[in-house]
S.K.: 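Below you'll find the structure I mean.
Here is how names work: the chains are called A, B, and so on, in the same order as the sequence lines, proteins then strands, and each is numbered from 1.
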There are 2 protein chains.
Amino acid sequence: MSRRLTDRGEERRRQLLAYATARFAEHGYHPTSVADIVNGLGVGKGVFYWYFDNKEELFRSILREAQLDLRRRQRDALAGAPDPLSRIAAGIRASVRWSAEHHELFTLVAFAATDDRFSGLVRRGQEVAVADAMRHVTDAIEQGLIPDRNPLELTRAMFGVTSELTRHFLHQEPEAAVSVDEIAETAAQFCLGGLLGPDARGAGDQPVASSSRS
Amino acid sequence: MSRRLTDRGEERRRQLLAYATARFAEHGYHPTSVADIVNGLGVGKGVFYWYFDNKEELFRSILREAQLDLRRRQRDALAGAPDPLSRIAAGIRASVRWSAEHHELFTLVAFAATDDRFSGLVRRGQEVAVADAMRHVTDAIEQGLIPDRNPLELTRAMFGVTSELTRHFLHQEPEAAVSVDEIAETAAQFCLGGLLGPDARGAGDQPVASSSRS
DNA sequence: ACTGTTCTTGACCGATTGGTCAAGTTTTCC
DNA sequence: GGAAAACTTGACCAATCGGTCAAGAACAGT
């Protein structure tokens, strides 16, 4: 589809994406029909199919734009952080904040990861993000700031912390009145502690021999 | 439905549950039809509706049995652990092992958490599991084994680590040839470190004043 | 052996869906 | 001003689905 869109067309496409995002997040991808989307916007069915080949393509577009936005946000957040551990902490905080602001997108990505058609796309996006974060973990190991353990395992553990705390406190139980900053801080602190491990000394200590060297 | 089932009936019901579990895990809940399930078992549609009121009830039954099984497994794992931190570590390892053995159920719970109809059930099940685990976190704080921070936040962070490491290494990338025990150990170590935080001293030290007391 | 219950079959049905498309409107371009 | 393109409408359609149910088979109990 190499047809050009006018400004009016671009605006309509954005409306479809935004409305569909909200609708999918609230009711789920499968239970939401194309008719639901176009009726909600007050347009005819053909408008939908003018801009998207099918329902699945619409959803993929939403996922891709979410991934790009998050990655951009994390890159911006790391600018200026002096050392690997503070970059890791800054990345975690940026992630928590982005997810807090994009509840709908977070929900959709979580669903997409469990669905055959979309899990590949989600996986590839996450691999990029994980590779980004893992570089800092590797740097921290090389600089002797944390014990030498499997960087991928450590990075994935951090992802788990970040997404679970965000999901629970900022999306599922927002009435718990926990601030985004508090959750971001909890995530960062827990992860820094996790990187150090249970036998860790204070930051800056010389690396010590590990009984289970990897 | 208070009709009694014979042994033959019980066996058929189990077959429906097992086949549906595999089918839902592989293709997704929504894309799997009742026809898919009964055709896969080689029975007629009425068999399905003899045992279950509808498709949704079948899925709920699967979720409930999964939650009971996991909880039982974790309770067994804690027996004999002498102190809170070793109970926490034992619970984490049990969780990882259970999830490794129940890939299908793990997948279904992950999906169910994102779906309107089932997320309530998943949430309640998780709250029970979280409350169980949080008791040990609270004990550890009270015994001065870890700094005094929000136990619920700490417990949720551990859940995030456990599920993400399991999901990634044992389900998504099984060809990475990482053993279940290694992942269980990584999860336990990361979490113990996370509980201690980045300023932690060795286990057994007196609790020190925290600059951000909660 | 007969009755009652459990288990089973698969045609059937109303409802819903994703997607198509002829026709019309609006806008753009020359 | 007219032609072309973009945008829009909503009826239509084949396919699929969840669930029902009359009828039959198998089994259990007396």
S.K.: Could you tell me the separation between the CZ atom of F48(A) and the P atom of dG10(D), rounded to a whole number of Å?
M.R.: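 Atom CZ in F48(A) sits about 18 Å away from atom P in dG10(D).
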
S.K.: Determine the interplanar angle of the F24(B) and F59(B) rings, folded into 0 to 90°, and report it as parallel if under 30°, tilted if 30 to 60°, perpendicular if over 60°.
M.R.: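 Rings of F24(B) and F59(B): perpendicular, over 60°.
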
S.K.: Whole angstroms only, please: what is the CH2-P distance between W50(A) and dA23(C)?
M.R.: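 Distance, rounded to whole Å: 17 Å.
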
S.K.: Side chain of K55(B), base of dG19(D): donor and acceptor closer than 3.5 Å?
M.R.: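 For K55(B), whose side chain was compared with the base of dG19(D), there is no donor-acceptor pair (under 3.5 Å).
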
S.K.: Between dC7(D) atom P and Y49(A) atom OH, what is the distance in whole Å?
M.R.: 18 Å

S.K.: With a cut-off of 6.0 Å (strictly less than), are more than 12 heavy atoms of other residues, nucleotides or ligands near CG of D116(A)?
M.R.: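 Enclosed: over 12 neighbouring heavy atoms sit under 6.0 Å from CG of D116(A).
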
S.K.: Testing the basics here: between I183(B) and L170(B), what is the closest heavy-atom pair and its distance to 0.1 Å?
M.R.: CG1-CD2, 4.0 Å

S.K.: Looking for any heavy atom pair under 4.0 Å, which part of the strands does G9(A) touch: base, sugar-phosphate only, or nothing?
M.R.: sugar-phosphate

S.K.: For R124(B) and E127(B), run salt bridge (Lys or Arg N to Asp or Glu O under 4.0 Å): C-alpha distance rounded to whole Å, both residues' side-chain angles, the deciding distance at 0.1 Å, then the answer.
M.R.: CA-CA 5 Å; R124(B) 286 189 291 278; E127(B) 280 165 7; over 6 Å; no

S.K.: Do Y29(B) and L108(B) have side chains that get closer than 4.5 Å, going by heavy atoms?
M.R.: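 Heavy-atom side-chain distance check fails, nothing below 4.5 Å.
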
S.K.: Using atom NZ of K45(B) as one end and atom C1' of dG19(D) as the other, report the distance to the nearest whole Å.
M.R.: 7 Å

S.K.: Check the distance between dA28(D)'s C1' and L5(B)'s CG and give it to me in whole angstrom.
M.R.: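 Nearest whole value for this atom pair: 14 Å.
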
S.K.: Please determine if a side-chain N or O atom of T6(B) lies less than 4.0 Å away from the OP1 or OP2 oxygen of dC7(C).
M.R.: yes

S.K.: Over 60° means perpendicular and under 30° means parallel, so tell me whether F111(B) and F111(A) are parallel, tilted or perpendicular.
M.R.: perpendicular

S.K.: Using the six-membered ring wherever Trp is involved, compare the ring planes of W98(B) and H102(B) and label them parallel, tilted or perpendicular (cut-offs 30° and 60°).
M.R.: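 The arrangement is parallel - the two ring planes meet at less than 30°.
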
S.K.: Separation of R4(A) atom CZ from dT28(C) atom P, in whole Å?
M.R.: 8 Å

S.K.: In whole angstrom, what separates Y51(A)'s OH from dA6(D)'s P?
M.R.: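 So the two atoms are 11 Å apart, to the nearest Å.
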
S.K.: To the nearest Å, give me how far apart CG (L58(B)) and P (dG19(D)) are.
M.R.: 11 Å

S.K.: Mind listing the residues from residues 10-42 of chain B sitting with a heavy atom below 4.0 Å of DNA chain D? Number order is fine.
M.R.: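 Those residues whose heavy atoms fall under 4.0 Å from DNA chain D, taken from residues 10-42 of chain B in numerical order, are T32(B), S33(B), V34(B).
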
